[in-house]
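For clarity, every value in this text was computed on a predicted model and none was experimentally measured. Sequence lines set the chain letters: A, B, ... in the order given, protein chains first and strands last, and positions in each chain run from 1.
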Amino acid sequence: MNNFFNRDLWNEIISSLKSNKTRTLVTSFGVFWGIFIMVLLLSAAKGFETGIKHKFQGIATNSLFVWAQRTSMEYEGMSKNRSYFFDNQDAKSIKDKVKGLKIVSPQNNFTTLIQHNLKDGDYTVEGNAPEFLGQKSLKLTQGRFINQQDIDQKRKVAILGWGLIDELFEKGETVIGSYIRIKGVNFKVVGVYKDTSIDGQRNIRAQQNIHIPFNTFSQVFNFGEKVSYFFITADNNQSVTDLKEKIIGLLQKRHKINPKDKRAIGNFDLNEQFEKFNMLFVTLKAVSFFVGLMILLSGVIGISNIMLIVIKERTKEIGIRRALGATPYVVKKQILSESIFLTLLSGMAGVSFASFLLFLVNLKIDSLDPYDSMILNPIVPLPTILIIFIILIIFGLLAGMIPAQKAVKMKPINAIRTE
Amino acid sequence: MLKYTNEQIAAMIAIQNLHKSYQIGSNSLPVLKGIDFNVKEGEMVSIMGSSGSGKSTLLNIIGILDEADEGSYHLDNIEVKNLNEKIAAKYRNKFLGFIFQSFNLINYKTAVDNVSLPLYYQGVSRKEREERALFYLEKVGLADWSKHLPSELSGGQKQRVAIARALASDPKVLLADEPTGALDTKTSYGVMELLQQINDEGKTLIIVTHEPDIAAMTKRNVELKDGLIIGDTIINQVRPQLHV
Ligand SMILES: Nc1ncnc2c1ncn2[C@@H]1O[C@H](COP(=O)(O)OP(=O)(O)OP(=O)(O)O)[C@@H](O)[C@H]1O
Ligand SMILES: [Mg+2]
């Protein structure tokens with residue numbers, strides 16, 4: 001008797017639900033619909049998130065890019081509109097003075113004529129540090145990336161984007177070990193990469209860059225100490241956005257830039273963008289939850305209402321049961337159980353139906369190119385289902401509360417007397 | 001301190017100076033105006049009186065379905081006063097069996113499930129409930145109808161199921177409010193014969209009725225008028241002649 005999962009109690013519940021089939025169905029629909037909408041919205045949000053995150057895959061998102069532009073203010077006798085460059089000392093200084101940074105890698109680049117045997121074309125050449133590989137989503141398909149010896153010995157080696165192979169090489173020609181000419185200088189090809197970032201998917205040019213050791217670039221192409229870009233990645237437990245001000249301040253000081261000059265140092269905070277996306281997803285999920293909850297609430301009010309009507313219809317029955325020895329606790333327990341059972345059943349039907357629909361949607365999405373779609377695997381994770389389950393139980397309880405109270409409020413004799 | 005007279009101790013039901021009035025708007029309608037009434041174990045009492053004399057009110061108070069305003073009521077030497085609903089439900093279940101004019105079966109439950117309901121509220125196991133319910137259905141002659149819904153039964157059969165249900169928890173007192181009021185004469189006599197048989201086995205019965213022939217089948221007749229007992233006589237019990 002005390003056990004909620006008592007078979008007798010269930011028989012009582014089922015037989016009373018069966019005796020009112022229409023109301024059982026009509027009532028259930030509200031909650032079914034609420035949960036259905038909630039699950040669809042939540043999984044759409046989740047799918048959107050998965051889709052977007054997929055595009056950030058492999059990129060060190062906790063990164064800041066800075067580059068030198070022209071100054072826009074006078075400072076300490078320096079004129080405005082002055083052009084300047086970062087230099088190698090900056091990298092060292094940033095690493096030394098700003099704590100919590102993992103990588104500070106410099107880059108120079110230009111677009112120039114690239115030749116291989118009889119083929120040629122204009123492509124972008126980047127001088128990079130070995131660490132650059134970890135900051136961008138470059139996947140090596142052949143050979144290797146730049147290493148420290150390349151830097152130290154200023155080796156003339158190159159890593160090509162896979163999009164270049166078709167442009168510069170014959171079909172079936174061995175790429176690794178061959179030579180290309182960059183601005184007339186021979187470089188040995190030691191690797192081929194594929195850019196898997198969102199940019200790489202969209203833009204074939206991103207698959208056609210050539211990476212060479214930074215120091216080699218500086219020497220061969222006469223860049224001296226100049227650095228055009230810094231790619232800065234912070235430690236995992238340290239948001240690079242928080243260090244941004246410090247880094248830029250340091251660079252301003254080193255290059256005599258007015259601290260108020262916002263335009264002199266160009267920067268792009270990937271972390272901030274990524275956080276914005278994260279916020280967007282959190283908001284999206286919250287909104288989905290809220291909307292679903294509101295629809296659910298109206299469903300629950302429906303259940304409560306119909307339970308009330310049913311209690312009224314069953315006043316006499318409840319009176320008879322009490323004459324036969326049903327305590328208020330037993331009566332309330334049965335009504336609450338009915339309400340919870342109804343809510344839970346219809347809610348779970350909503351989850352099942354939505355899941356089925358999502359299953360079909362997933363089948364469709366799987367047949368598409370994952371890089372083309374903004375939504376990937378729209379599923380509702382198990383913890384969410386669990387939360388929904390608990391919410392349903394609570395709502396079912398709430399829905400049954402007033403009817404249950406009402407059922408035992410009347411004197412048994414008055415209950416029996418009603419027709 | 002509670003003091004009992006000898007008579008009270010022997011009584012199954014002991015009522016003294018019972019008052020009850022109903023509140024209708026701002027008016028108070030007195031229905032029972034000082035009832036003294038004792039019933040000993042094994043008695044079969046009929047209560048008669050004109051409509052509105054307070055018969056049902058008295059029976060409902062005895063059945064702990066309603067409460068008196070004043071006076072004392074002891075059921076099997078237990079004082080019934082200001083009980084909370086939980087205890088009231090327990091007493092109804094353990095001590096009392098109800099038989100109503102309109103049967104009051106639960107229409108979506110089979111005969112056997114209706115009969116086992118009081119046992120369900122006692123927490124008796126499913127199997128035992130079924131066995132005991134079947135035993136009482138057999139007693140009222142409806143063993144073959146155990147799986148039928150009330151809608152599939154005749155009036156007399158319904159009342160027999162209700163009697164089996166009232167007996168199921170083996171209560172001390174059966175209370176019947178016009179048990180034959182909705183039945184034709186022949187069926188009524190059948191039901192009365194069954195109630196007599198139950199009384200013969202020692203159960204205490206109180207039956208409210210309008211019909212003198214039904215009252216004549218009990219052992220004692222109490223007459224109510226305007227909320228007071230105006231007559232209380234031991235009578236010679238008539239056995240119904242069913243096949244005349
Ligand atoms: N719940 C109630 N509220 C107000 N008045 C009531 C209530 N129950 C009964 N009464 C009144 O109390 C009086 C006695 O009612 P009761 O049902 O006890 O009479 P009775 O003797 O059983 O009559 P009958 O033979 O018609 O069944 C009647 O006048 C009735 O209208
Ligand atoms: Mg009456």
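- Between chain A and the options Ser102(B), Pro171(B), Ala89(B), the largest number of non-hydrogen pairs under 4.5 Å is found for Ala89(B).
- Using a 4.5 Å heavy-atom cutoff, the side chains of Phe289(A) and Ile391(A) are in contact.
- A 4.5 Å side-chain heavy-atom check between Leu324(A) and Arg92(B) finds every atom pair outside the cut-off.
- When the candidates Pro328(A), Gly319(A), Ala415(A) are compared by the number of heavy-atom contacts under 4.5 Å with chain B, Pro328(A) comes out ahead.
- Atom NZ of Lys90(B) is surrounded by 12 or fewer heavy atoms from other residues, nucleotides or ligands within 6.0 Å.
- In this structure, the portion of Arg314(A) lying under 4.5 Å from any heavy atom of chain B is its side chain and not its backbone.
- In this structure, the separation between CD1 on Ile402(A) and NZ on Lys406(A) is 9.5 Å, given to the nearest 0.5 Å.
- Residue contact with chain A, scored on non-hydrogen atoms closer than 4.5 Å, is absent for Tyr91(B).
- Heavy-atom distances place the side chain of Asn60(B), and not its backbone, under 4.5 Å from chain A.
- For Lys94(B), no part sits under 4.5 Å from any heavy atom of chain A, backbone or side chain.
- Residues Glu67(B) and Asn82(B) come closest through the heavy atom pair OE2-N, 3.3 Å.
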